[in-house]
Amino acid sequence: MIRTGDDRLYWRVQGERNRGLMGLFAVVAAFLALYAYLFPGLLSVAGVSKFAQSWLPLALVAMAQAILMLTGGISLAIGATVSLGAVIAATTMSGYFGVAGGIVAVSASGLVIGALCGVIAIRLRLPAIIVTLAASFIIGGLALLILPRPGGAIPGWFSDLLAGNTPAALVLVFLVALLWKLYLATPLGLSLYAAGENPVGAYRAGVPVDAARIAAYAISGLLSTLAGLFIAAQTGSGDPVIGQAFTLNSIAAAVLGGVGFLGGRGTMRGAIAGSLLLSVMINVMFFLGFPPVAQYVAQGLIIIGAVALPQLTARFRRRP
């Protein structure tokens, strides 16, 4: 088969985006093997199910953060949005509209909140970090207004469906990854990397840069509230502050997955792998008996190493 210049350019771009992923996958495999050795029950259906349930919320928020970082943005409101999704689910699913109505309410709130943050940041040309920081206080306050203290309820059958002894969470990870690939085939998806890598050039070429960025914020909000819905299904109730840790963890997982802060560099499969590595790493340190403080220190050192290693490798290659 004859490869055209466009084909070669495509694979060169893909190679640049996937740089370092093979090393990441190898590290993830090594940690999974160590985890399976420390906890042999992981190799059972129930073990896979329980681990996937602890991993899925982090995978969703890692994707939520990564899609913004690919456009050159970042969100400090992800944790608060997770909490909002949890309390909306817990206060609507046992009501008149049931589970279906609760899912619609959670999804709509995520899309609207994300889109509003995007419009404010993009149209008003304000720094994303400032807009989302302010939004985190507003969204967190809204979650407390809806549910001042942990409570509400999720129907038992729905909790069993998502957080029972079946690998539903693992299926959902693959489903979200598939939907992401389909999104990349749409006009807004195709514009995503261009909007982050070279927004001025993309705009001059007719790419809908602002629309692509606003859509990224909306999808980020949707993924965050869905993570909150899943956590509510796990616990059977809602908690207005349960998402606090997810903001920094989402950034850590995306960075571990090779997603760059300046936009246009990285892949969603890298972010998912980064979230998997972070989840496995936490479990391995727990089984090795690391105290909580040591776990935080080890996570920080590993994240710094993951960010620094590609830079050091690139400098080494540039040396004559």
Side-chain angles (χ1 to χ4, degrees), residues 28 31-32 35-64 78-79 81-110 143 147 150-180 222-246 249-250 253 272-273 275-284 286-287:
V28 170
F31 268 93
L32 280 172
Y35 184 29
Y37 173 76
L38 295 171
F39 178 58
L42 177 66
L43 302 178
S44 65
V45 174
V48 170
S49 300
K50 293 304 179 184
F51 173 73
Q53 290 162 21
S54 67
W55 170 41
L56 175 61
L58 182 56
L60 290 176
V61 297
M63 295 181 73
I78 282 179
T81 311
V82 170
S83 297
L84 181 65
V87 299
I88 290 176
T91 54
T92 57
M93 287 191 170
S94 295
Y96 177 78
F97 294 103
V99 169
I103 293 174
V104 171
V106 169
S107 302
S109 64
L147 197 64
I154 302 294
W157 68 266
F158 188 66
S159 291
D160 291 338
L161 176 64
L162 291 184
N165 291 322
T166 59
L170 188 62
V171 174
L172 289 174
V173 172
F174 285 110
L175 178 61
V176 173
L178 176 61
L179 291 175
W180 170 252
L222 172 63
L223 291 172
S224 300
T225 52
L226 290 179
L229 185 155
F230 185 83
I231 293 171
Q234 278 183 305
T235 60
S237 62
D239 188 332
V241 296
I242 202 168
Q244 287 181 347
F246 281 103
N249 282 343
S250 67
I272 294 174
S275 69
L276 178 57
L277 176 58
L278 192 58
S279 294
V280 176
M281 187 170 61
I282 292 171
N283 284 281
V284 166
F286 172 79
F287 278 100

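Since the model is a prediction, treat every value here as computed from it, not as a measurement. FYI, the numbering just counts along the sequence from 1.
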Next on the checklist: Under the criterion side-chain contact (heavy atoms from CB on, under 4.5 Å), I'd like the reasoning laid out for S49 against N165: C-alpha separation, chi angles, the key distance, then a yes or no.
Outcome noted: CA-CA 6 Å; S49 300; N165 291 322; 5.6 Å; no
Next on the checklist: Could you go through D239 and V87, starting from their C-alpha distance and side-chain angles, then the distance that decides it, and tell me whether this counts as side-chain contact (heavy atoms from CB on, under 4.5 Å)?
Outcome noted: CA-CA 6 Å; D239 188 332; V87 299; 5.9 Å; no
Checklist outcome for this item: CG (L43) and OH (Y35) are apart, to the nearest 0.5 Å, by 10.5 Å
Item to check | Non-hydrogen side-chain atoms of L226 and S107 separated by less than 4.5 Å | outcome: yes
Item to check | Straight-line distance of I88 CD1 to M93 CE, nearest 0.5 Å | outcome: 10.5 Å
Checklist entry - Roughly how far, to the nearest 0.5 Å, is CG of L58 from CD1 of I231? => result 9.5 Å
Checklist entry - Tell me, do P57 and Q234 make a side-chain contact under 4.5 Å, heavy atoms counted? => result yes
Checklist outcome for this item: On a heavy-atom basis, the closest approach of V61 and A227 is CG1-CB, 4.0 Å
Item to check | Nearest-0.5 Å distance that lies between atom CD1 in I103 and atom OG1 in T225 | outcome: 11.5 Å
Checklist entry - Any side-chain heavy-atom pair from L60 and V176 closer than 4.5 angstrom? => result yes
Checklist outcome for this item: Correct closest heavy-atom pair for G102 and T92 would be CA-OG1, 3.2 Å
Checklist entry - Does some side-chain heavy atom of N283 sit less than 4.5 Å from a side-chain heavy atom of F31? => result no
Checklist entry - What distance separates S250 OG from L223 CG, expressed to the nearest 0.5 Å? => result 11.5 Å
Next on the checklist: How close do G236 and S159 get, counting heavy atoms only, and between which atoms?
Outcome noted: CA-OG, 4.2 Å
Checklist outcome for this item: When rounded to the nearest 0.5 Å, the distance separating CG of L277 from CD1 of I282 is 9.5 Å
Checklist entry - Of the non-hydrogen atoms in F246 and I78, which two are nearest, and what is the gap between them? => result O-CG2, 4.3 Å
Checklist entry - Are side-chain heavy atoms of Q53 and L162 found at a separation under 4.5 Å? => result no
Item to check | Verdict with reasoning, V280 to V28, per side-chain contact (heavy atoms from CB on, under 4.5 Å) | outcome: CA-CA 8 Å; V280 176; V28 170; 5.6 Å; no
Item to check | Exercise: identify the closest heavy-atom pair between A232 and A89 | outcome: CB-CB, 4.3 Å
Checklist entry - Is any side-chain heavy atom of F51 less than 4.5 Å from a side-chain heavy atom of L170? => result no
Next on the checklist: Check the orientation of F39 and F287. Use parallel for under 30°, tilted for 30 to 60°, and perpendicular for over 60°.
Outcome noted: parallel
Item to check | Non-hydrogen atoms of V106 and G85 that approach each other most closely | outcome: CG2-O, 3.7 Å
Checklist entry - Do V45 and P167 have side chains that get closer than 4.5 Å, going by heavy atoms? => result yes
Checklist entry - Counting distance only, does the side-chain N/O of T81 pair as donor-acceptor with the main-chain N or O of S224 below 3.5 Å? => result no
Next on the checklist: Counting C-beta onward and ignoring hydrogens, is there a side-chain heavy-atom pair between V82 and Q244 closer than 4.5 Å?
Outcome noted: no
Checklist entry - After noting the C-alpha distance and the side-chain angles of W55 and I272, does the key distance pass the side-chain contact (heavy atoms from CB on, under 4.5 Å) rule? => result CA-CA 10 Å; W55 170 41; I272 294 174; 3.6 Å; yes
Item to check | For F286, ring-ring contact (aromatic ring centres under 6.0 Å, His included) partners two or more places apart | outcome: none
